[in-house]
Amino acid sequence: MDLAEKLEILADSAKYDVACTSSGVDRAGRRGSLGSCSAAGICHAFTPDGRCVSLLKVLYSNACCYDCSYCVNRRSNEVRRATFTPRELAELTIGFYRRNYIEGLFLSSAVLGSPDNTTERMIEALRILRQEYRFNGYIHAKTIPGTDPRLVEQLGLLADRLSVNIELPSEASLQLLAPDKEKAAILRPMGQIAAQSAQSRRELSVYRHAPAFAPAGQSTQMIIGATPETDFHIMRLTEGLYQKYSLKRVFYSAYLPIVQDRRLPALTTRPPLLREHRLYQADWLLRFYHFSAGELLSEAEPNFDPYLDPKCSWALRNPAFFPVEVNTAPRVALLRVPGIGPKSAGRILSARRQQHLGMAELKRIGVVLKRAQYFITCNGAAPAHGTRREIAGALLDPKAFGVGVQQLSLDDFAAKPLPEAAPLVHELAGQGMEARQAAELVRQEALSCLTKQM
Amino acid sequence: MPYQADVTDLAYRYDGSFPGFLCCLFESFAARELPAAVLAPDQGQLSLFGSRNIPTDPAKAARVARGLERLGGTVQDRIATGFLSDDPDKDLILLRFARLCFERGPGAARMLGDPDVAAAFALARAVGNEAHLFIEFIRFEERDGMLGAVIHPKNRVLPLLVRHFCSRLPDESFLIFDATHGMALVRRPSGVAYLRMERYLPGTDEAEQDWQRLWKRFYDALTIQERRNPVCQRTHQPKRFWQDMCEMRPVPVPAEETPGKMGC
């Protein structure tokens with residue numbers, strides 16, 4: 001098997017892994033080595049599904065000895081199998097990196113015999129890359145649950161970011177779909193990485209040349225939509241992970257039915273992309289907007305509204321919090337206004353030290369006022385008045401009603417619901433209704449419903 | 001406008017260089033006026049306004065540069081970055097911004113609610129954002145041990161790429177050719193230089209073609225068909241960048257000619 005074919009097989013097997021970020025560590029280049037890192041992360045290409053390619057994301061091997069029912073690489077599935085050699089992998093990484101195709105390497109693997117055996121091979125590949133090829137770019141390595149803690153430590157000293165996949169949002173689901181994995185085995189390395197990473201940061205602050213253990217922290221991912229957990233359950237789990245294991249990111253992956261199994265949703269199920277989008281929005285609210293899971297959802301209302309983003313939902317439930325005065329409100333309060341994010345809030349704070357802000361100034365600053373105007377005052381005066389229906393119209397998320405031409409072949413000009421449109425729009429369009437009409441119908445329905453609630 | 005100056009119906013003409021621009025700024029102070037336009041030589045000869053030629057005087061330029069230094073890094077960066085823009089109004093926008101900063105002090109850079117400051121901020125941000133996109137999407141090809149890349153930027157982004165690529169590839173020689181402006185950034189072990197350059201012929205080296213094919217195969221394997229979303233792809237990676245990215249081009253045609261020379 002030639003290298004190109006191997007690369008194709010092992011990239012294809014790794015593509016369902018969501019994390020492709022190269023963020024979290026700033027490292028300038030050094031003479032005698034190749035590469036640098038930028039804390040914000042750098043994307044290098046975007047595939048037709050709109051996802052970024054930042055790292056050379058491959059499996060070391062896809063010859064797995066586990067049999068997880070949701071996974072393409074499971075033992076009982078008939079697929080082409082391939083395994084890299086450490087040197088092939090290092091040469092590929094260097095060749096791509098020099099040409100500015102990638103930001104570094106994302107190395108994961110199927111379980112080759114045992115977790116320890118697999119991790120040893122991954123460590124060997126990374127060691128060659130770091131020490132022989134003097135690669136100074138980004139490396140993200142996946143930790144396989146059940147690996148010996150000493151091997152995890154070695155891996156962390158070579159990689160910038162480690163991740164352990166939590167796979168499914170609850171232990172019951174894990175038992176049902178991935179009988180070879182157990183919750184404790186997943187959380188143990190996570191705890192170890194959190195502890196060692198914190199210790200390494202303390203040492204680095206004292207000794208500049210202390211070895212850095214996973215300086216870009218750790219992340220995890222879970223599949224949503226394959227099992228019946230609510231959004232509230234997922235958000236509480238996420239919040240716990242951020243607080244307890246100081247994760248940098250939690251990724252959500254909408255379940256794609258690639259495998260026929262009676263324990264899984266049918267193959268015709270559409271991936272819940274809008275739900276995934278809502279979870280990411282809420283995840284941002286947790287990390288950058290000082291929200292907590294309990295504020296966004298509750299036992300009584302355990303799922304996100306498909307037609308409203310989570311921040312607008314919160315604003316509508318808490319009218320007493322508004323209006324917010326842009327000239328005096330603290331940053332935390334500004335961040336709660338729908339339409340104002342960390343960038344706008346920062347600019348408002350810095351601009352208002354120099355001048356009073358009115359509607360015209362806010363526009364020039366670049367604050368998006370479509371939604372924000374109904375929730376703020378400028379020098380005590382409300383900048384906009386709208387009927388309840390107008391306000392509701394501004395708040396509805398246009399993404400939920402997205403329709404457009406998605407050419408899959410050359411003569412395909414019919415408008416179709418966009419991938420992230422609400423499930424109801426897809427359903428109506430699937431029943432033969434014209435896509436634009438379906439989207440409009442659903443929008444009107446959502447609009448009158450929301451107007452009544454307000 | 002918080003400072004004393006007449007808005008005239010006069011256009012300044014200068015030689016298009018940065019010191020020349022600083023002299024326009026000097027003139028605007030000396031004559032206590034704000035021009036209605038500031039024109040570089042390659043900009044339309046036709047103008048509604050009467051014009052005055054502003055000669056470039058290194059002594060005056062140095063004086064203004066020292067003044068800008070006193071205003072701090074934010075103001076200096078914004079003017080230097082904004083000056084790389086190809087926006088025809090950039091000179092006037094930056095001149096008005098600089099005058100405001102001289103009047104109000106370094107804090108003026110934060111007055112984003114002010115029209116002049118907001119315009120200068122938008123200018124610098126557009127240039128900076130474009131430079132970042134090129135840091136992402138530049139594709140080097142190797143030829144005789146040297147890396148080469150072609151870009152078609154809207155603004156003169158080369159000076160904003162130097163630091164990143166010199167740090168990232170500390171032991172490599174490379175060349176980035178800005179085809180829009182006919183300029184090239186060349187980095188050799190001896191140092192960095194900007195050269196005028198007419199054209200760049202893409203390499204025909206077989207080993208290099210293999211790398212490009214390998215990368216394209218990897219790229220093609222990554223797409224998840226069930227999640228296809230070309231609109232999202234174009235949002236993040238606008239189509240104007242595609243011409244210089246090897247994976248977005250159709251499969252490269254096998255070479256026929258002898259290896260071309262760089263048109264340095």
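Reminder, nothing fancy here: chain letters follow the sequence lines and each chain counts from 1. Heavy-atom basis, side chains included; hydrogens, waters and symmetry copies ignored. The structure presented is a predicted model; accordingly, all values stated were derived computationally and were not measured.
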Rounded distance [0.5 Å steps], CD in A/Glu8 versus CG in B/Asp220: 8.0 Å
Distance, nearest 0.5 Å, that separates SG of B/Cys232 from CD of A/Glu420: 7.0 Å
Taking every non-hydrogen atom, the tightest pair across A/Val53 and B/Trp215: CG1-CH2, 4.2 Å
Among the listed options A/Arg352, A/Lys15, A/Glu361, the residue most often paired with chain B at heavy-atom distances under 4.5 Å: A/Lys15
Residue part contacting chain B, namely of A/Ile348, when any heavy atom lies under 4.5 Å: neither
Greatest number of heavy atom pairs closer than 4.5 Å to chain B - which of A/Cys43, A/Ala28, A/Gly404, A/Gly358: A/Cys43
Contacting region of B/Leu147 [heavy-atom separation from chain A under 4.5 Å]: side chain
Interface moiety of A/Glu276 toward chain B, non-hydrogen atoms closer than 4.5 Å: side chain
Over 12 non-hydrogen atoms of neighbours within 6.0 angstrom of CG in B/Asp144: no
Among B/Met248, B/Gln237, B/Gln233, residue most engaged with chain A (heavy-atom pairs, under 4.5 Å): B/Gln233
Distance in Å, B/Leu133 CG paired with A/Ile42 CD1, rounded so as to fall on 0.5 Å steps: 11.5 Å
Ring geometry between A/Phe96 and B/Trp211 (parallel below 30°, tilted from 30 to 60°, perpendicular above 60°): perpendicular
Largest heavy-atom contact set with chain B, pairs under 4.5 Å, which of A/Ser350, A/Ala351, A/Cys37, A/Ala360: A/Ser350
Partner chain B: residue of A/Leu357, A/Leu56, A/Leu273, A/Leu3 with the largest heavy-atom pair count (under 4.5 Å): A/Leu56
Donor-acceptor contact present, side-chain B/Tyr219 to main-chain A/Phe46, <3.5 Å: yes
Result of checking B/Glu141, B/Glu142, B/Gln212 against A/Arg99 for side-chain hydrogen bond (donor to acceptor under 3.5 Å, both in side chains): B/Glu142
Chain A-proximal positions within residues 155-173 of chain B [heavy-atom distance under 4.5 Å]: B/His164, B/Phe165, B/Ser167, B/Arg168, B/Leu169, B/Pro170, B/Asp171, B/Glu172
Backbone of B/Ile135 reached by a side-chain donor or acceptor of A/Asn100 within 3.5 Å: yes
Proximal component of A/Gln355, with respect to chain B [non-hydrogen, under 4.5 Å]: side chain
CZ-CG distance between B/Arg217 and A/Asp12, expressed to the nearest 0.5 angstrom: 11.5 Å
Nearest atoms (heavy-atom pairs only) where A/His44 meets B/Glu136: ND1-O, 2.9 Å
Within 6.0 Å of NE2 in A/His356, more than 12 heavy atoms from elsewhere: no
Toward chain A, the part of B/Phe121 with a non-hydrogen atom under 4.5 Å: side chain
From OH (A/Tyr101) to NZ (B/Lys216), nearest 0.5 Å: 11.5 Å
Minimum heavy-atom distance A/Ala45-B/Arg139, with the two atoms named: CB-NH2, 3.6 Å
Contacting region of A/Arg27 [heavy-atom separation from chain B under 4.5 Å]: neither
Nearest heavy-atom neighbours spanning B/Ala118 and A/Arg364: CB-O, 3.9 Å
Residue selection (most heavy-atom pairs with chain B, distance under 4.5 Å) from A/Gly366, A/Ser54, A/Gly95: A/Gly95
Crowding at CZ, A/Arg134 (>12 non-hydrogen neighbours, <6.0 Å): no
Atom pair CD1/CZ of B/Ile224 and A/Arg51 - distance to nearest 0.5 Å: 3.5 Å
Portion of A/Pro419 that has a non-hydrogen atom of chain B nearer than 4.5 angstrom: side chain
Top of A/Asn136, A/Ile102, A/Leu256, A/Leu362 for chain B proximity - count of heavy-atom pairs under 4.5 angstrom: A/Leu256
